[in-house]
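What follows is one structure encoded as structure tokens, with my remarks underneath.
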Amino acid sequence: MSSATQSTILTFEDARHLIEQHAANLRPHGRELLDLLEANGRALAEPITADRDFPPFRRATRDGYAVRAADLAAVPTTLEVVAEAKAGGALVPPIVSGQAVSIMTGAPVPDGADAIVMVELTSRAGNRVEVQRTINPGDNIVPVGAEGKKGDVMLAPGMRLDYAAIGVAAAVGLSRLVVYSRPRIAVLSTGDEVVDIDVPPGPNQIRNSNSYSLAIQITQAGGEPVLLPIAPDEPNRLHELLREGLEGDLLLIAGGVSMGKYDLVEEVLSELEAEFFFTGAQIQPGKPVVFGAVPLGAGAHESSASHKYFLGLPGNPISTMVCFELFARPLVEALAGMQERKLSFVYAKLKTEIKTKLGLKRFLPANLLGEFEDSEVELVKWQGSGDLGAVARSNCYIVIPPDRERIPAGEFVPVLLR
Ligand code: AMP
Ligand code: MG
């Protein structure tokens, strides 16, 4: 911990782990009941339990014939086809030795049968079927309850609901789900040069893109963005807006955290008695990223938390975005009630050599190209961490360790998907 005057610059891994440790203490503050299709992207607040066995009957996984494996000890052999079992059709009576039932994928296997012979391994003539191959008991049958027994927890609280999880909810008959409430994430963009998107910018001004890209990242992480007015590089108004931002569950500040004369965020946060857990990370883009917390006065807030977290993200648009993914997302997700998700990379073959400088872990905009097993990854040309268009046209970031000056084409490199 340090004050704004001391600097604490961590490696990427240390900074990330520190964020994860703090995130582990964060809890969502409410729950709500949502229609199933509204619940996508939210965190489950109550377990989803199996309302019956899955599958509820012995399920055939192939089109073919339900048989007794012992009847096929010597092949070829001919069996009598006594019935047909289709998915959703009437239940078929038990079979005895010498009999078979023509069966379709998804149908209940009749009692007496213990395996399904694939139709491709048989030849049929009238009510006789000749089977060419032996089979083991249990082949091509899913036993009752093999995927889940009645009462089993299928999905635990904290599960991030996606299409597969929504599918599970539907399969157990839930048309509504109890999910955690979305945390309110305040976004404060700073800078005298920054104007909002409905204001014509002067020749020395730029439009506020950060509040909008952050709002989408927050939404994707399960939060509800609360966009504050743009803060000027002036301590009094900045102080006022930071206080307002600290009313949210988490405050994200974009800009004003670098070493410039008008980068006032840390100074003004210090006036609010902020503790700084780190004031920089050895990364590019995003080196000046700041993480800390402000103590809450007694009774200042109805929540039981004793302090409120903030993250100061460097204002360059790519720095802002990358720092959100690396550092803000775990905090937002924890406040949204989601189980922790470790940052993980996929590996892809580098298409074109990379040369860079030592010392920082880099997350550089790139494209995964190619198809099937022949995917390759390549850096996009960009003008540095202000080049928003370059990132918008890319689909991932190549991660370059701090100790590599040159990575040859053909090497497998870690990639952070976007
Ligand atoms: P700062 O981190 O305040 O030094 O800003 C770094 C760069 O990011 C400057 O070029 C700013 O003009 C730019 N920038 C800061 N805030 C925003 C914003 N909200 N939207 C777009 N660009 C910004
Ligand atoms: Mg600034």
Side-chain angles (χ1 to χ4, degrees), residues 4 7-9 15 185-219 223 225-242 244-245 248 250-271 274 276 278-292 310-328 332 360 362-365 382-394 397:
S7 80
T8 313
I9 299 181
I185 313 297
V187 177
L188 181 61
S189 279
T190 75
D192 281 344
E193 77 282 27
V194 183
V195 295
D196 225 326
I197 54 176
D198 44 8
V199 177
N204 56 348
Q205 293 179 316
I206 55 144
R207 291 199 183 89
N208 176 16
S209 60
N210 285 340
S211 294
Y212 297 91
S213 53
L214 281 173
I216 300 305
Q217 290 178 292
I218 290 166
T219 307
V226 179
L227 304 193
L228 297 170
I230 296 162
D233 295 319
E234 186 276 308
N236 292 328
R237 179 67 179 143
L238 184 58
H239 186 114
E240 213 169 85
L241 286 168
L242 285 171
E244 200 176 318
L250 170 70
L251 169 60
L252 301 182
I253 307 140
V257 292
S258 307
M259 297 301 288
K261 183 171 168 200
Y262 296 100
D263 290 320
L264 304 172
V265 167
E266 286 167 74
E267 197 178 306
V268 176
L269 281 166
S270 296
E271 289 169 21
F276 292 86
F278 59 77
T279 58
Q282 287 157 13
I283 58 169
Q284 190 231 350
K287 189 160 178 267
V289 61
V290 170
F291 175 46
F310 62 82
L311 260 172
L313 313 171
N316 262 316
I318 317 312
S319 310
T320 308
M321 290 178 197
V322 169
C323 285
F324 181 93
E325 291 305 314
L326 301 180
F327 303 119
V332 178
L360 299 176
R362 292 171 208 271
F363 298 84
L364 303 183
W382 71 324
Q383 302 300 319
S385 50
D387 193 349
L388 193 48
V391 168
R393 292 186 295 272
S394 71
Y397 304 95

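The first residue in the sequence is number 1, and the count goes up from there. Quantities reported herein were computed from a predicted structural model and do not represent experimental measurements. For ligands, and for the atoms within them, numbers begin at 1 and follow the listed sequence.
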Ion pair check, Glu240 and Arg237, cut-off under 4.0 Å: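 Yes, Glu240 and Arg237 are salt-bridged.
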Check for me whether [X] has a heavy atom closer than 4.0 Å to any atom of ligand 1.
X: Ser211; answer: no
X: Leu388; answer: no
X: Gly386; answer: no
X: Gly256; answer: yes

Select one of side chain, backbone, both or neither to describe which atoms of [X] lie under 4.0 Å from any atom of ligand 1, heavy atoms only.
X: Asp263; result: side chain
X: Ser189; result: side chain
X: Arg207; result: backbone

Reference residue Asp192; test side chain to side chain contact (heavy atoms under 4.5 Å, CB included); the match among Asn204, Asp233, Ile230:
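Filter result, single survivor: Asp233.
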Between Ser189, Pro201, Ser213, which is the residue that forms a side chain to side chain contact (heavy atoms under 4.5 Å, CB included) with Asn208?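 Per the side chain to side chain contact (heavy atoms under 4.5 Å, CB included) rule, the option paired with Asn208 is Ser189, out of Ser189, Pro201, Ser213.
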Under 4.5 Å between any side-chain heavy atoms of [X] and [Y], yes or no?
X: Cys323; Y: Pro314; value: yes
X: Val289; Y: Leu311; value: yes
X: Met321; Y: Val391; value: yes
X: Leu251; Y: Leu188; value: yes

Identity and separation of the nearest protein heavy atom to [atom]:
atom: atom 18 (C) of ligand 1; result: Asn210 ND2, 3.1 Å
atom: atom 19 (N) of ligand 1; result: Asn208 OD1, 2.9 Å
atom: atom 15 (C) of ligand 1; result: Gly315 O, 3.5 Å
atom: atom 20 (N) of ligand 1; result: Ser209 N, 3.1 Å
atom: atom 12 (O) of ligand 1; result: Glu193 OE2, 2.5 Å
atom: atom 10 (O) of ligand 1; result: Asn316 OD1, 4.2 Å

* **Short side-chain to backbone donor-acceptor contact, Ser319 and Gly315, under 3.5 Å** =>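 Between the backbone of Gly315 and the side chain of Ser319 there is no qualifying donor-acceptor contact (under 3.5 Å).
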Please check this pair: side chain of Ser385 against backbone of Asn316, looking for a donor-acceptor N/O pair closer than 3.5 Å.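 Looks like no, no N/O pair under 3.5 Å.
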- Query: Judging by distance only, is a nitrogen or oxygen of Val194 under 3.5 angstrom from one on ligand 1?
  - Reply: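 N/O-N/O distance below 3.5 Å does not exist for this pair.
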Query raised in the report: Quick one: does Ile206 get an N or O within less than 3.5 Å of an N or O on ligand 1?
Result: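 Between Ile206 and ligand 1, no N or O pair is found under 3.5 Å apart.
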>> At less than 4.0 angstrom from any non-hydrogen atom of Thr190, what atoms of ligand 1 do you find?
In response: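 The atoms of ligand 1 under 4.0 Å from a heavy atom of Thr190 are 16 (N).
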| Just which atoms of ligand 1 are under 4.0 Å from any heavy atom in Ser258? |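 So the atoms of ligand 1 that pass are 2 (O), 4 (O).
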Check the orientation of Phe276 and Phe310. Use parallel for under 30°, tilted for 30 to 60°, and perpendicular for over 60°.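 Ring orientation, 0 to 90° scale: perpendicular.
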From CA spacing to verdict: side chain to side chain contact (heavy atoms under 4.5 Å, CB included), Leu364, Gln284: CA-CA 8 Å; Leu364 303 183; Gln284 190 231 350; 3.7 Å; yes
